[in-house]
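Input: a single structure, listed below in structure tokens.
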Amino acid sequence: MHRDTPSSPPAWAFPWMAGAALLGLGASLTAAYVHHRLLTDPAYASFCDVNSTFNCTNAYLSQYGSVGGVPTAMLGVMYFGAVLLGLALWRLAPKGAEGAPGFVFAMSLVGVPVVAYLAYASVALGSLCLICLVTYVAVAVMFAVSARAARSSMSTLFSRLLSDLSALVKQPSALLAAGAFAVASFFAVQWFPATAVAAASEDGGQGGAPSALAALAPAQLQELERFLNAQQRVPVMVASEGAAVVLVKFNDYMCPPCGQTFAEYKPVLAKWAKEYPGKLKFVTKDFPLDPECNKYAPGGSHMASCEAAVAVRLAREHGKAAQMEDWLFANQPTLTPASVKEAARVIGEVTDFDARYPKTLELVRGDIEQGAQLTVQGTPTFFMNGIRLPGLRGAFLDAAIALEMKRAGVTLR
């Protein structure tokens, strides 16, 4: 019977390592496609958005969705692509297969902490990306298989790896393949559009209405305008007070996507308020996903959101609503009814929270009933002049407001 020599990896190891890397690459490419569509198509709904718990959009459009401006999905494509390229080069090199497990093990040591960080991000967001979960499994399999298949001791594993790399760089075909991979990775990253939207500058010269439209590529702007023109407008009972555009958000202070849009839309709203005072009215309506006050709530995971909605309303009477909202969204993962009440006292200057809670909660229920009439089923849900908007990135919202301003007859500078 044939037995592997001490320096030879078991025969089963290579297909398992390559298969896991292929699985991870396929999942990363899928994630990159979904992320790109979310950035470029205002009406796109991801197939992996099952509910608020299993939701890819929440992950890709969160602060964890990119690193240094590079989408996390594209980093995954480059990572698994590099593993597969390395396996191919090791496989083709003389006696190269012997060092392949060491290479994959070294790559896995990079991937495991990244996976752990992204798993933490899922907990922080309260959402799990199913596509991302596949990449986590791929890294785990690569790590387990390569650790078992690497026959060399850990003391010589990395010296052997360096020796193999030195031999590979002397081969023109290896250098050519590595160079082509680097160039392809660079252009793949450039494929993603930039979507940052800055608030208006102090002099009002930058970030104005023209840039709201110019920030999008012509094809993106055309798709957004087509989408808006195709939507049915429904009556949303909010007084316009002379505003040309009324933007309404049905909100839950414990909903992670509500916090993301709160942060991303803030500079957009501030810009319009500064450059076109009174032309845009933004209204937050309460739709806490807590059965204590919302009979339409699908579950009981947001057990302090009723208290949070009341806290903001009471803090508003003292001119502290903005500070209260900032605190609530910043402390989403740890909110409890007790912590919300204490924050209302300290930040919102509310000294009679318990006494006023029942009556104020009835006002919250009024928003909930209005949301139910508009078939609001989750948060955040936005309406712009009666158009139900999908989850838009800041640049898309900025451009959508500009288009609606023009439709309403506002002359944009």
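Every heavy atom of this structure was used, including side-chain atoms; hydrogens, water molecules and symmetry mates were not. Residue indices begin at 1 and follow the sequence shown.
- Lys285 NZ to Leu374 CG: the interatomic distance, rounded to the nearest 0.5 Å, is 9.5 Å.
- A salt bridge between Glu404 and Arg407 is present, with a side-chain N of the basic residue lying under 4.0 Å from a carboxylate O of the acidic one.
- A side-chain donor-acceptor contact under 3.5 Å links Lys281 to the backbone of Ala239.
- Taking the ring centroids of Phe382 and Tyr265, they lie under the 6.0 Å cut-off.
- With a 4.5 Å cut-off on side-chain heavy atoms, Leu38 and Arg393 do not count as touching.
- Annotation: side chain of Leu247 is in contact with side chain of Leu389 (closest heavy-atom distance under 4.5 Å).
- Checked by atom type and distance alone, the side chain of Asn331 pairs as donor or acceptor with a backbone atom of Trp327 at under 3.5 Å.
- In this structure, Arg413 forms a cation-pi arrangement with Tyr276, its terminal cationic atom sitting closer than 6.0 Å to the ring centre and no more than 45° off the ring axis.
- The shortest side-chain heavy-atom distance between Leu280 and Leu269 falls under the 4.5 Å cut-off.
- Taken as a pair, Cys56 and Cys129 fail the criterion of an SG-SG distance shorter than 2.5 angstrom.
- For Thr336 (side chain) and Ser339 (main-chain N/O), a donor-acceptor pair under 3.5 Å exists by modelled atom type.
- Around CD of Gln232, the count of heavy atoms belonging to other residues, nucleotides or ligands within 6.0 Å does not exceed 12.
- Pairing each heavy atom of Ala315 with each of Met324, the nearest pair is CB-CB, 3.9 Å.
- For the residue pair Glu369 / Tyr296, a side-chain donor-acceptor distance below 3.5 Å is found, with atom types taken as modelled.
- A salt bridge links Asp326 with Lys266: the closest approach of a Lys/Arg side-chain nitrogen to an acidic carboxylate oxygen falls below 4.0 angstrom.
- A 4.5 Å side-chain heavy-atom check between Cys258 and Phe329 finds at least one atom pair inside the cut-off.
- Looking at heavy atoms from C-beta onward, Phe143 lies in side-chain contact with Leu109 at the 4.5 angstrom threshold.
- No donor-acceptor distance shorter than 3.5 angstrom exists from the side chain of Asp286 to the backbone of Cys306, with no hydrogens or angles considered.
- Defined by atom type and a distance below 3.5 Å, a donor-acceptor pair is present between the side-chain atoms of His302 and Asp252.
- Between the side chain of Gln332 and the main chain of Cys255, a donor-acceptor pair closer than 3.5 Å is present.
- When only modelled atom types and interatomic distance are considered, Arg37 and Ser46 share no side-chain donor-acceptor pair under 3.5 Å.
- Between Phe353 and Ala344, the closest heavy-atom pair is CD1-CB, 3.9 Å.
- Shortest non-hydrogen contact noted between Met405 and Ala244 is SD-CB, 4.0 Å.
- We find the CG-CG distance between Leu392 and Leu224 to be 7.0 Å, quoted to the nearest 0.5 Å.
- Side-chain contact between Arg316 and Arg313 is present, with at least one heavy-atom pair separated by less than 4.5 Å.
- Asp398 has its side chain within reach of Lys271: a pair of non-hydrogen atoms, C-beta onward, lies under 4.5 Å apart.
- Side chain of Thr381 to main chain of Gln377: no donor-acceptor pair is present (N/O by atom type, distance under 3.5 Å, no hydrogens or angles).
- Once rounded to the nearest 0.5 Å, the distance linking OG of Ser122 with CZ of Phe54 reads 10.5 Å.
- Between the side chain of Ser305 and the backbone N or O of Met254, no donor-acceptor pair lies under 3.5 Å.
- Salt-bridge check for Glu317 with Arg356: passed, with a basic side-chain N closer than 4.0 Å to an acidic carboxylate O.
- Formation of a donor-acceptor pair under 3.5 Å by the Gln231 side chain with backbone atoms of Phe227 is found in this model.
- Atom SG of residue Cys132 and atom OH of residue Tyr64 lie 13.5 Å apart, to the nearest 0.5 angstrom.
- Summarising the geometry of Gly348 relative to His318, their closest heavy-atom pair is O-CD2, 3.4 Å, with the distance given to 0.1 Å.
- For the residue pair Pro380 and Lys249, the shortest heavy atom distance occurs at CB-CE, 3.9 Å.
- The structure places OH of Tyr253 at 3.5 Å from CD of Glu325, a figure rounded to the nearest 0.5 Å.
- Of all the heavy atoms in Ile401 and Val245, the pair that sits closest is O-CG2, 4.3 Å.
- Here the side chain of Thr261 pairs a donor or acceptor atom with the backbone of Pro257 at under 3.5 angstrom.
- Below 30°, between 30° and 60°, or above 60°: for Tyr60 and His35 the angle between ring planes is below 30°, a parallel geometry.
- Between the side chain of Asn294 and the main chain of Pro288, a donor-acceptor pair closer than 3.5 Å is present.
- Interatomic distance, SG of Cys293 versus CG of Asp367, reported as 10.5 Å (0.5 Å rounding).
- No side-chain heavy atom of Tyr357 sits less than 4.5 Å from a side-chain heavy atom of Leu314.
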